Asks: 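Shown below is the structure under consideration.
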Number of protein chains: 2
Amino acid sequence: MTRTSDIRVAVSTVIFSLRRLASGDGAAVVLPLVKRTRDPFEGLWALPGGWLGTDENLDAAAARTLAETTGLAPSYLEQLYAFGAVDRSPSRVVSIVYWALVRPDEAEAAHAQHNVAWFDAASLPTLAFDHNQIVDYALWRLRNKVGYSRIAHGLLPAEFTLAELREVYEAILGKRLDPANFRRQVENSATLIPTDQFRTGSHRPARLYRYDHEVELADRGPLSR
Amino acid sequence: MTRTSDIRVAVSTVIFSLRRLASGDGAAVVLPLVKRTRDPFEGLWALPGGWLGTDENLDAAAARTLAETTGLAPSYLEQLYAFGAVDRSPSRVVSIVYWALVRPDEAEAAHAQHNVAWFDAASLPTLAFDHNQIVDYALWRLRNKVGYSRIAHGLLPAEFTLAELREVYEAILGKRLDPANFRRQVENSATLIPTDQFRTGSHRPARLYRYDHEVELADRGPLSR
DNA sequence: CCAAAAGTGTTTTAATTACACCCATGC
DNA sequence: GCATGGGTGTAATTAAAACACTTTTGG
């Protein structure tokens, strides 16, 4: 016998990517939102998500719902928090929220979707439910985690210059970093492998690096241990 | 109209406390478990918990269920992770797991309860469901968090000596710490207020300290901001 | 040649570690 | 007195930060 419950379980995802600034230097953290087409909060923007399937693991549900609503496939996906306040929705919904990273080139997929738009994380409108609060927390986690793990990888292609890597850090942390010290820090962390390729075009060619896949990307929670 | 679902939401808590070692020096991390009296996993030990109430917030459910099953009231409570693998239980259950700290003197309350016993965190038997995995993750979080926050507070009375505080760190981290350097670190952190009281009894009396309540105990997640 | 980014070197500061040493109490 | 933990001082090591400087390309 299977009991039923009047508490529903949803899964949502805060998806971060980077967008090159129009001014040319630097990038901004952006995220895709979906316009709600029904009550509650019809017309407001909300995080992509959906209901948890009966035969579906939590992370699979996160990947599925964000693919269905935005067309995106994340390069990094990690559980953020379970939100379950009684008054966060007219009906009782517990949302298992994930956060994800997608590379800027992959982010194009979401532009083709209807009712999906990218927003600058620094200037969001009022969102549906408690989604403003959720995004704030995800941003805090992103900034925090970039300091002690290699998640910046999730926002870059396979090969990249140190300047491009530094740009990712600068966009997330919101401050400039000393190129000389940044170089030494990532070199000492022993997570980068220099290639024989160079990125040319601007001025002095910059060496391309790639991540050492022997090293774990980041702690993804209890399930990866 | 309210839809129903065949996914149920449970709340469980990993409760940590300290128990003085029989040898006299040092302490061990211990946690209370509840013996299951019904299937599945009847007879095995499991984390205290219960079903989420329809009109109950997640953290309230964690506090309620751990009080009902163990009689404990935690001095610190924080969400750990949401576990929802399809095969973690015969029926579909998503468990929102919390972790908590109780002071050793308060831990006595759980000894009076039937079907509750304290176990050394370092040597647990096989537990019901995926609870071994959950405890491992909670231990990792505890050890991690003690390094950058003041959660040790949650395992000590209002006033304590630096040696007692150091014992908490040593029990959690599982290694000895230099008393001299430990003293300087906590003094420089500016979270302790020296009192005029001294703990006498052994040899040279040790000054009692208390925590500065102006400083936040620790990040408790998105809801405390 | 010049501008600009790539990359190296050097100095200073701060934090961590290791460990010697003095102090105050119970016995 | 003396053993023991409380508490202070200090030198060595390591990491972070600030910044001058050299190198290499496109124009």
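Keep in mind that what you see is a predicted model, and the values were worked out from it rather than measured. In the text below, chain A, chain B and the rest are named by the order of the sequence lines, each starting its count at 1.
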Asks: What nucleotide among C/dA18, D/dA16, C/dG9 has an atom nearest to a side-chain atom of A/Arg184?
Replies: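 Looking only at side-chain atoms, A/Arg184 lies closest to C/dG9.
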
Asks: Check each of A/Arg210, A/Arg199, A/Arg207 against A/Glu164 using the salt bridge (charged side-chain N to carboxylate O under 4.0 Å, His left out) test, and report the only one that passes.
Replies: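 Of the listed options, the one satisfying the test is A/Arg199.
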
Asks: Would you kindly give the CG-to-C1' distance between A/Leu177 and D/dC19, to the nearest whole Å?
Replies: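 One finds 16 Å between C1' of D/dC19 and CG of A/Leu177, rounded.
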
Asks: At less than 3.5 Å, do the side-chain atoms of B/Asn181 and the base atoms of C/dA18 form a donor-acceptor pair?
Replies: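 Donor-acceptor pair under 3.5 Å: yes.
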
Asks: Given atom CD of A/Glu167 and atom P of C/dA5, what is their separation to the nearest angstrom?
Replies: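 Rounding to the nearest Å, CD of A/Glu167 and P of C/dA5 are 11 Å apart.
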
Asks: Run the ring-centre check on B/Tyr76 versus B/Trp99 and record whether the distance is less than 6.0 Å.
Replies: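 Yes, ring centres under 6.0 Å apart.
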
Asks: In terms of the angle between their ring planes, are A/Phe129 and A/His131 parallel, tilted or perpendicular, with boundaries placed at 30° and 60°?
Replies: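 Geometry flag for A/His131 against A/Phe129: tilted rings.
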
Asks: May I have the distance from B/Phe182 (atom CZ) to D/dG6 (atom C1'), rounded to whole angstrom?
Replies: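 After rounding, the gap between these two atoms is 14 Å.
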
Asks: Rounded to the nearest Å, what distance is computed from the CG atom of residue A/Asp178 to the C1' atom of nucleotide C/dT13?
Replies: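 Answer to the nearest Å: 15 Å.
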
Asks: Would you check if the distance from the ring center of A/Tyr211 to the ring center of A/Phe160 is below 6.0 Å?
Replies: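 Close enough - the centres of the two rings lie under 6.0 Å apart.
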
Asks: For the pair made of CD in B/Glu187 and C1' in C/dA15, what is the distance, rounded to whole Å?
Replies: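 One finds 16 Å between C1' of C/dA15 and CD of B/Glu187, rounded.
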
Asks: Rounded to the Å, how far apart are A/Glu164 CD and C/dG7 P?
Replies: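 In whole Å, C/dG7 P and A/Glu164 CD are 11 Å from each other.
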
Asks: In terms of side-chain heavy atoms of B/Ala180, which of D/dT8, C/dA5, D/dG7 is nearest?
Replies: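 It is D/dT8.
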
Asks: Is it the case that C/dA5 (base atoms only) and A/Arg204 (side chain only) share a donor and an acceptor within less than 3.5 Å, ignoring hydrogens and angles?
Replies: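 Result: no qualifying N/O pair found.
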
Asks: Do the side chains of A/Arg103 and A/Glu108 get close enough for a salt bridge, i.e. N-O under 4.0 angstrom?
Replies: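 A salt bridge is absent here (no side-chain N lies under 4.0 Å from a carboxylate O).
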
Asks: Looking only at the side chain of B/Thr200 (C-beta and beyond, no hydrogens), which of the listed nucleotides D/dG26, C/dC19, C/dG26 gets closest?
Replies: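 The nucleotide sitting nearest to the side chain is C/dG26.
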
Asks: Check the distance between D/dT24's P and A/Leu162's CG and give it to me in whole angstrom.
Replies: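 Result: 17 Å.
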
Asks: Under 4.0 Å between a side-chain N or O of B/Arg183 and OP1 or OP2 of D/dG7?
Replies: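 B/Arg183 to D/dG7 OP1/OP2: side-chain N or O found under 4.0 Å.
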
Asks: Picking from D/dG7, C/dA24, C/dG7, which would you name as closest to the side chain of B/Pro205?
Replies: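 Taking heavy atoms from C-beta onward, the closest nucleotide is C/dA24.
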
Asks: Measure distances between side-chain N and O atoms of B/Arg166 and base N and O atoms of D/dG6, and say whether any donor-acceptor pair falls under 3.5 Å.
Replies: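 Answer no: no donor N or O sits under 3.5 Å from an acceptor.
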
Asks: For B/Leu165 and D/dG5, what is the distance between atoms CG and P respectively, to the nearest whole Å?
Replies: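 Roughly 18 Å, once rounded to whole Å.
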
